[in-house]
Amino acid sequence: MSNISLLSKSKSFNGEVRRYSHKSNSLSCDMKFHVYVPPKSSSPSSVLWFLSGLTCTDENFIQKSGAIQYASQNNIFLVCPDTSPRGIIIENPEDKWQGPGFGAGYYLDATTDKYKAHFHMFTYITKELFELINQEFKDTINVNKHSIFGHSMGGLGAISLFIKTNGQYKSVSAFSPISNPTNCDWSLHSLKEYLGTENKEAWLQYDPCHLLKNYDGKPFDLLVDQGSVDEFLNDLKFDNLQLACKENSKINLIARLQDGYNHGYFYISTFIKDHIEYHSKHLNN
């Protein structure tokens, strides 16, 4: 018996966009996610995960990014999770789009009393949903070929998850990631709320700059795009990301400052082809 329920499906570029729901044990709530199943091929599809940014759901990227046509061309199976638990009660919730709370899970496992019952997005993405995708789509995908990328908070998540899971994903890239959240007032506030106000070592375990600077595993490439007129440029700490990678010879940073582009999906859709092809190259090597 399937552990997921099909909510909708639509044909697109000779494949199918599907939305599913399931009961999440790690988050203790019902969750939704999107996939794109590319057209049938002579070989199983590689899997590419996209982690969305603050305020987003599982719908934003699949609808706005323009990724589907390139996923279809490259035999890529897309997975688009939600950004936080849903349908739960948060005591005294904060009404801030930057988080903490709904749409702002920061892809971490919370440890504070207020959030630890539900906010385990790191475990949800890297274990529960990862295993669910491999099981439910084992006849369609190559379960040994997963890569990951993301935007803003999702870029933070993609880099952190790639490093912390030690080879689970074959490649990583990001659009305008929150690169140094411990050095940004509003993201640091969320880290404190999720992990404890004095737990500095725990904050660093979800800080891409810290993880990149201290990474000591197999060398890897990292493609990062950043818009030059991004309204959050000062907060994202793109320069700090470049410095962290420069200090570590095991990271080949491909940093691209895109002139005149801001933080939104028009920008993402302009460069999404590059990212899909980048991951396809790594997945097929």
Side-chain angles (χ1 to χ4, degrees), residues 2-5 7 19-35 49-62 79-136 148 150-162 164-165 168 177-178 181-182 184 186-208 211:
S2 176
N3 294 310
I4 58 177
S5 299
L7 300 177
R19 195 184 197 195
Y20 291 95
S21 66
H22 75 110
K23 176 66 177 179
S24 168
N25 293 323
S26 56
L27 304 180
S28 298
C29 66
D30 293 330
M31 293 292 287
K32 298 180 177 68
F33 65 91
H34 268 88
V35 300
W49 295 70
F50 184 85
L51 305 184
S52 289
L54 291 162
T55 76
C56 291
T57 69
D58 61 301
E59 297 181 281
N60 299 70
F61 178 80
I62 202 76
V79 182
C80 304
D82 205 343
T83 55
S84 75
R86 300 288 177 178
I88 60 171
I89 295 175
I90 301 174
E91 186 178 352
N92 299 318
E94 296 190 32
D95 186 20
K96 296 179 180 178
W97 64 266
Q98 305 100 323
F102 297 120
Y106 279 84
Y107 303 103
L108 52 73
D109 284 348
T111 57
T112 56
D113 289 342
K114 183 174 180 178
Y115 292 103
K116 66 182 182 182
H118 297 284
F119 281 77
H120 296 282
M121 290 301 293
F122 178 84
T123 295
Y124 174 67
I125 299 294
T126 63
K127 295 182 179 179
E128 184 178 7
L129 190 57
F130 189 88
E131 292 169 3
L132 187 67
I133 293 295
N134 278 347
Q135 176 60 36
E136 294 291 336
I148 192 166
H151 170 231
S152 195
M153 178 185 71
L156 176 159
I159 296 170
S160 298
L161 270 57
F162 177 85
K164 289 166 71 69
T165 55
Q168 180 165 310
I178 302 174
T182 60
C184 168
W186 47 263
S187 54
L188 178 57
H189 172 71
S190 289
L191 295 184
K192 288 181 176 180
E193 290 296 307
Y194 286 133
L195 302 171
T197 56
E198 302 298 330
N199 200 353
K200 296 181 180 180
E201 183 57 36
W203 311 339
L204 292 173
Q205 295 311 306
Y206 297 100
D207 187 314
L211 295 172

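By convention here, the first residue in the shown sequence is residue 1.
- At least one donor-acceptor pair under 3.5 Å links the side chain of S190 to the backbone N or O of Q98.
- A donor-acceptor pair under 3.5 Å is absent between the side-chain atoms of T55 and the main chain of G103, judged by distance alone.
- Cation-pi geometry between K114 and F119 is not met: the NZ or CZ atom fails to fall both under 6.0 Å from the ring centre and inside 45° of the normal.
- I159 has its side chain out of reach of F162: every pair of non-hydrogen atoms, C-beta onward, lies at least 4.5 Å apart.
- Here the straight-line distance linking atom OH of Y115 with atom CE of M121 works out to 14.5 Å at 0.5 Å rounding.
- Two residues are said to be in side-chain contact when any heavy atoms from C-beta on lie closer than 4.5 Å; S187 and Y106 meet this criterion.
- Here the straight-line distance linking atom CG of D109 with atom OG1 of T123 works out to 3.5 Å at 0.5 Å rounding.
- Note that the OG1 atom of T57 and the CG atom of D82 stand 5.5 Å from one another [nearest 0.5 Å].
- S21 and D30 are not linked by any side-chain donor-acceptor pair at a separation below 3.5 angstrom, with hydrogens and angles left out of the test.
- Checking side-chain atoms of N199 against main-chain N and O of L195 turns up a donor-acceptor pair under 3.5 Å.
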What's the verdict on side-chain contact (heavy atoms from CB on, under 4.5 Å) for K23 and M31, showing C-alpha distance, side-chain angles and the deciding distance? CA-CA 6 Å; K23 176 66 177 179; M31 293 292 287; over 6 Å; no

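- The main-chain N or O of G157 is never found under 3.5 Å from a side-chain atom of S160 such that the two would form a donor-acceptor pair.
- Nearest heavy atom pair, residue F33 against residue L132, reads CE2-CD2, 4.3 Å.
- No side-chain heavy atom of L156 sits under 4.5 Å from any side-chain heavy atom of L51.
- The side-chain heavy atoms of L204 and K200, taken from C-beta on, include no pair separated by under 4.5 Å.
- Side-chain contact, E128 with H120: no donor N or O sits under 3.5 Å from an acceptor N or O.
- Counting only heavy atoms from C-beta outward, the side chains of H151 and F61 never approach each other to under 4.5 Å.
- Counting heavy atoms from C-beta outward, Q205 and L211 have side chains that approach closer than 4.5 Å.
- No hydrogens or angles considered: a donor-acceptor pair under 3.5 Å links the side chains of D207 and T182.
- Partner of L129 under the side-chain contact (heavy atoms from CB on, under 4.5 Å) criterion, out of S24, S26, P81: P81 alone.
- With values rounded to the nearest 0.5 angstrom, T112 atom OG1 is found 11.0 Å from L191 atom CG.
- Contact check on D58 versus R19 returns a salt bridge, with a Lys/Arg side-chain nitrogen under 4.0 Å from an Asp/Glu carboxylate oxygen.
- Minimum interatomic distance between I4 and H22 (heavy atoms only, all atoms of both residues): CG2-CB, 3.9 Å.
- Considering all non-hydrogen atoms of both residues, A158 and G150 come closest at CB-N, 3.8 Å.
- Here the NZ-OG distance, from K32 to S5, works out to 10.5 Å after rounding to the nearest 0.5 Å.
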Between E94 and E193, does the side-chain contact (heavy atoms from CB on, under 4.5 Å) criterion hold? Intermediate values first, please. CA-CA 10 Å; E94 296 190 32; E193 290 296 307; 3.7 Å; yes

I125 and Y107: side-chain contact (heavy atoms from CB on, under 4.5 Å), yes or no, with the steps? CA-CA 8 Å; I125 299 294; Y107 303 103; 4.1 Å; yes

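- Between G101 and S84, the closest heavy-atom pair is O-CB, 3.9 Å.
- For the pair I88/S28, no side-chain contact is recorded, criterion being any heavy-atom separation below 4.5 Å from C-beta on.
- With E136 contributing its side chain and N3 its backbone, the two residues share a donor-acceptor pair below 3.5 Å.
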Going through the distances and angles, do Y194 and T111 end up as a side-chain contact (heavy atoms from CB on, under 4.5 Å)? CA-CA 6 Å; Y194 286 133; T111 57; over 6 Å; no

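- With hydrogens and angles left out, the side-chain atoms of Q135 and E131 include no donor and acceptor closer than 3.5 Å.
- Using a 4.5 Å heavy-atom cutoff, the side chains of F102 and R86 are in contact.
- Panel note: side chain T83, backbone G53; no donor-acceptor pair is recorded below 3.5 Å.
- Looking at W97, its side chain never comes within 3.5 Å of a backbone N or O of A104 through a donor-acceptor pair.
- The aromatic rings of F122 and Y206 stand perpendicular to each other, their planes meeting at an angle above 60°, with 30° marking the opposite boundary.
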